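To keep things clear, I will list the structure first and then write my remarks on it.
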Amino acid sequence: MLHYEFMQNAFMASGVVALLCGLVGWFLVLRGQSFAGHALSHIGFAGATGAVLIGMTPLTGMVFSALAAALVLGWEPQGDLRANAASASQRDSVIGLVLAASLGLGLLFLQMAHTPASSTTALLFGNVLGVDRATLRMLLALGGVSLAGLCVLGRPLLFASLDPDLAAAKGVRLRVVACGFMILVALATAIGSRTIGILLVFSLLVGPASCTLRLGLSPWIGLLVSALLALALSWGGLVVAWYTGVPVSFCISAGAALCYLLARAIASRGLIAAARS
């Protein structure tokens, strides 16, 4: 299958997306912001359809709309929202309303642009087999910038995620770190949506990270395993799709769900064994 150029492009594109989603997703789940990441993909849908309406590429509109939303989400007060149920509930309610409004706005833009149904399907569920060289270069550039930003932001982000109050006392600027991280989430969501789709990119962002955190791995080991698991899911999904003909996005999302169930079973057996001992 690697004799075909479209499969070579698909493997390279999905590899970049997987590594970025695996690393960024680990911090996203650790910080309890999974729902915010899900909302960014839907906001990106409105941006992509709006870009089509004015004659721009969907990826460009997706990136800019997701970045704007990321700055808004990152500028919220950065206390430990997991310890404050009322603040977390209010934040999730606002995100849910924005998410629904974004989907409605995207639908309106599609109707105004008279976009064919096939284009809508590609936006919602991705088309990694349709990635050309120009799109691949753009994905590689965005992925490289995002990975470089994560390397710079990694240590203060980990500190702020584990103990935000102590991090603030030590001089970490929580809002700056939060805005920078949400920008990385927006970029990961945008380029991930180009391959696995707006509706299913959430599985690649959250699935591998949830598995590693469920197993209780240390931070740096967990980051590495999350990235490798996302890469295995993406490339494994391409291989399975090649031999079976089922959609790539389905293979990746189903694989992520199965991996989480397996990690949960392993963690449960470990707790039972510990209790018996």
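Residue indices begin at 1 and follow the sequence shown. Just so it is clear, the model here is predicted, and its values are computed rather than measured. Hydrogens, waters and symmetry mates are skipped; everything else that's a heavy atom, side chains included, is used.
When the side chain to side chain contact (heavy atoms under 4.5 Å, CB included) test is applied to S146, the partners found at least two apart in sequence or on another chain are L20, L184, L187. Every residue two or more places apart in sequence or in another chain that forms a side chain to side chain contact (heavy atoms under 4.5 Å, CB included) with F64 is listed here: T60. Residues satisfying the side chain to side chain contact (heavy atoms under 4.5 Å, CB included) test with V225, not counting sequence neighbours, are T212, L217, I221. Among residues two or more places apart in sequence or in another chain, the ring pair (Phe, Tyr, Trp, His ring centres under 6.0 Å) test is passed with Y4 by F6, W242. Scanning for side chain to side chain contact (heavy atoms under 4.5 Å, CB included) contacts around A167 gives F159, A160, V172, L174, with sequence neighbours left out. In this structure, the side chain to side chain donor-acceptor pair (under 3.5 Å) partners of T135, at least two apart in sequence or on a different chain, are D132.
By the 4.5 Å side-chain criterion applied to Ile, Leu, Val, Met, Phe, Trp and Tyr, L228 is assigned to a cluster that also includes L224.
Here the straight-line distance linking atom CG of L229 with atom SG of C211 works out to 5.5 Å at 0.5 Å rounding. In this structure, OG1 on T49 lies 8.5 Å from CG on L108, to the nearest 0.5 angstrom. Here the SG-CG distance, from C21 to L231, works out to 11.5 Å after rounding to the nearest 0.5 Å. Atom CD1 of I266 and atom CZ of R214 lie 11.5 Å apart (nearest 0.5 Å). Taken from CD1 in I183 to CG in L150, the straight-line distance is 13.0 Å, to the nearest 0.5 Å.
Heavy atoms only, all atoms of each residue included: A13 and L136 are closest at N-CD1, 3.7 Å. In this structure, S234 and A18 approach most closely via the heavy-atom pair OG-CB, 3.3 Å. Of all heavy-atom pairs between L215 and A263, the closest is CD2-O, 3.7 Å. Considering every non-hydrogen atom in both A227 and L23, the closest pair reads CB-CD2, 3.8 Å. Among all heavy-atom pairs drawn from A186 and A66, the shortest one is CB-O, 3.4 Å. Of all the heavy atoms in A178 and R31, the pair that sits closest is CB-NH2, 3.9 Å.
No continuous path of hydrophobic side-chain contacts links V152 to L223 [ILVMFWY only; heavy atoms under 4.5 Å]. One hydrophobic cluster, built from ILVMFWY side chains closer than 4.5 Å, holds both W26 and L162. There is no path of hydrophobic side-chain contacts, each under 4.5 Å, that joins V145 to V185. No continuous path of ILVMFWY side-chain contacts below 4.5 Å connects V176 to L28, so the two sit in separate hydrophobic clusters.
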Residues 244-261 side chain polar contacts: donor-acceptor under 3.5 Å, at least two apart:
residue : atom : partner : partner atom : Å
T244    : OG1  : V240    : O            : 2.6
T244    : OG1  : V246    : N            : 3.4
S249    : OG   : F125    : O            : 2.6
S249    : OG   : I196    : O            : 2.9
S253    : OG   : S249    : O            : 3.0
S253    : OG   : F250    : O            : 3.1

When you look at V239 and F11, which way does the side-chain contact (heavy atoms from CB on, under 4.5 Å) test go after all the steps?
CA-CA 10 Å; V239 173; F11 270 94; 4.1 Å; yes
After noting the C-alpha distance and the side-chain angles of L158 and F27, does the key distance pass the side-chain contact (heavy atoms from CB on, under 4.5 Å) rule?
CA-CA 8 Å; L158 180 61; F27 285 103; 4.0 Å; yes
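Sequence neighbours left out, not one pair with a member in residues 36-65 passes salt bridge (Lys or Arg N to Asp or Glu O under 4.0 Å). For residues 5-24, every residue pair satisfying the salt bridge (Lys or Arg N to Asp or Glu O under 4.0 Å) rule, not counting sequence neighbours, is listed here: E5-R133.
Looking at heavy atoms from C-beta onward, M182 lies out of side-chain contact with L67 at the 4.5 angstrom threshold.
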